[in-house]
Amino acid sequence: MTSAAMIQVRDLVKTYGDKKALNGVSFDARAGEILGLLGPNGAGKSTTMKILTTFLSATSGTVTVDGIDAAANPLAVRAMLGYLPESTPLYSDMVVYDYLLWCGEMRGLARSDVIKRMAEVARVVGLESVIGQVIGTLSKGYKQRVGLAQAMLHNPKILILDEPTSGLDPNQIIEIRNLIRALGQNHTLILSSHNLTEVRQICDRVVIIHQGAVVADGTLDELEGRVASRHHLIVGIQTTATHDNDALKHMLAETPGAKSVAFSHSSQAPVPAAFFEVEADTDIRTALFERIRAAGLTLLELRRKSLDLEGIFQSLTQNA
Amino acid sequence: MKPVWILARREMAATFDSPIAYIAGAVFLIATGLLFFFGLGGTDDFFAAREATVRPLFEYAPWVLAVILPAVTMRLLAEEKRQGTLELLVTLPVTDTQIVLGKLLGAMGFLVVALAMTLVLPALVMSIGHPDVGAILGGYVGLLLIGTTFLALGVMASTWTQNQIVAFIVGMMLCMFFWTATDALLRLVLDQPPPALALLSFQSQFADFARGVVDLRNVLYFLSVTAIAVLASTYSLRSRHWQ
């Protein structure tokens with residue numbers, strides 16, 4: 001409830017017939033942050049976004065955007081928003097240039113301003129090479145860029161992107177993610193995703209929605225801290241022809257602070273190695289390193305196994 | 001009202017980009033042309049009648065318009081719904097009413113072009129005789145009005161479904177119903193329908209235009225029906241909020 005909250009969502013309830021899609025969703029998006037709406041398919045992310053963008057009305061609850069009640073003054077709110085709906089609906093029979101020009105004019109921009117702004121946006125999202133093409137002939141990745149371009153054309157305060165990378169190939173995903181991160185520097189941005197890696201890479205803060213309710217709201221570090229109290233490490237040790245995995249495991253287990261050690265796997269390339277998972281209550285990386293060196297062994301790899309969002313997500317959504 | 005015009009411009013371009021406009025246009029011109037010259041047989045025959053009048057055009061054209069105009073409007077909102085583009089359209093800073101009016105105005109572009117192409121008929125009649133020019137103008141005003149009303153009914157049907165074929169059939173049935181059935185139905189129920197009720201029929205409202213008389217009451221009638229259809233379309237778009 002800080003004064004910097006650009007978007008305030010309070011107690012949103014949305015019912016479709018008998019089905020409750022949202023059951024009291026509340027969260028804030030602060031000015032200038034990238035907020036991830038995370039949840040399994042059907043959790044209510046898209047419904048929340050459709051209400052935020054005034055496409056749908058909530059059964060009850062309020063959305064306030066920059067101090068303006070979205071239900072009472074939808075046009076003022078829409079003017080502040082850029083929106084990319086799920087699966088990027090576009091007029092496939094239009095040329096990219098004409099489409100963007102049309103979007104800009106529909107938003108009340110003067111033609112000359114749209115053309116100027118379009119050149120800038122096309123450069124940012126990488127549309128310059130296809131600006132004269134018919135949208136229907138573009139690849140999914142380029143269509144996504146057109147969708148992003150129309151959302152940011154009028155330089156809105158807020159961007160709302162519903163599953164912006166779904167259906168893209170890995171290279172396109174990386175490009176679009178980079179683009180979104182860059183956009184997040186001058187916009188308040190809300191994106192939805194069921195992809196945890198994506199949220200980790202892009203978002204400052206995460207709201208996890210499950211079965212129409214918020215089950216977690218915080219930075220990734222906070223959420224990880226809630227679920228992961230233990231340090232979970234992956235240790236890789238170079239092995240010889242005569243090595244004994246049990247002996248190595250035993251040796252690691254003697255490290256002060258280590259609670260449990262489990263053999264994970266071995267590999268041969270590029271050098272023969274054995275991998276173990278070590279759990280501890282505190283950060284024992286230094287101690288582990290010293291221990292391995294004292295044993296005359298070569299440490300190949302030492303990293304924290306991120307009790308990743310997958311883990312957080314599962315524990316939050318399964319208990320909820 | 002600027003967004004209405006910007007939307008209408010896009011719709012006009014989209015209409016003339018699609019083969020539907022050309023098929024509908026061709027059907028309209030061929031059908032009205034044949035009916036104008038040969039009628040439905042007998043005394044309607046232009047060559048047999050030997051009279052310099054354009055009146056048969058105004059008598060037959062609404063029948064053809066009632067069939068082809070719903071084919072032009074069927075796409076307008078049904079396609080937006082099917083493709084999901086409606087979500088982007090209605091979250092632009094424009095009102096639902098502006099969207100409906102823009103769609104209607106865009107479809108009127110087709111109507112104006114189609115009617116303009118029939119001007120060859122009065123030109124022909126004027127070249128061989130002396131028809132009443134006032135009557136011709138009145139008739140065209142009437143066609144423009146009844147055509148706009150048909151378009152508004154078609155747009156309304158298009159807001160009800162995401163299937164263009166359904167939108168077409170429902171639109172055509174609405175147009176045909178208002179054009180033909182109101183009179184017939186009234187006669188079916190009442191032996192002598194009161195004149196006030198008979199006024200509700202498109203045919204009786206259009207009859208004066210076909211005679212070349214532009215009566216303000218008839219003009220207001222068609223504008224009112226158009227306004228009701230626009231309101232109903234707006235309501236239908238808005239119904240997404242409480243579904």
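Order of the sequence lines sets the chain letters (A, B, ...), proteins ahead of strands, with each chain counted from 1.
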Heavy-atom check, side chain of B:Leu88 versus side chain of A:Tyr91, under 4.5 Å: no

A:Arg78 side chain reached by B:Leu92 side chain, heavy atoms, under 4.5 Å: no

Would you compute the distance between atom CG of A:Leu75 and atom OG1 of B:Thr91 and round it to the nearest 0.5 angstrom? 11.5 Å

To the nearest 0.5 Å, what is the distance between NE2 on B:His241 and NZ on A:Lys50? 12.5 Å

Bottom line for B:Thr95: the part with an atom under 4.5 Å from chain A's heavy atoms is both

Donor-acceptor contact present, side-chain B:Arg10 to main-chain A:Tyr99, <3.5 Å: no

Under 4.5 Å, counting heavy-atom pairs only, tell me which of [options] racks up the most with chain A.
options: B:Lys2, B:Glu79, B:Arg238, B:Glu80; value: B:Glu80
options: B:Gln83, B:Glu87, B:Gln98; value: B:Glu87
options: B:Leu7, B:Leu86, B:Asp17; value: B:Leu7

Considering only heavy atoms, which portion of A:Met94 lies under 4.5 Å from any heavy atom of chain B: side chain, backbone, both, or neither? side chain

Need one label for A:Gln150: side chain, backbone, both or neither, based on atoms under 4.5 Å from any heavy atom in chain B. side chain

Atom OH of B:Tyr235 with >12 non-hydrogen neighbours under 6.0 angstrom: no

Exceeds 12 heavy-atom contacts within 6.0 angstrom, atom CE of B:Met173: no

Please output the residues of residues 139-152 of chain B in contact with chain A, using a heavy-atom cutoff of under 4.5 Å, in numerical order. none

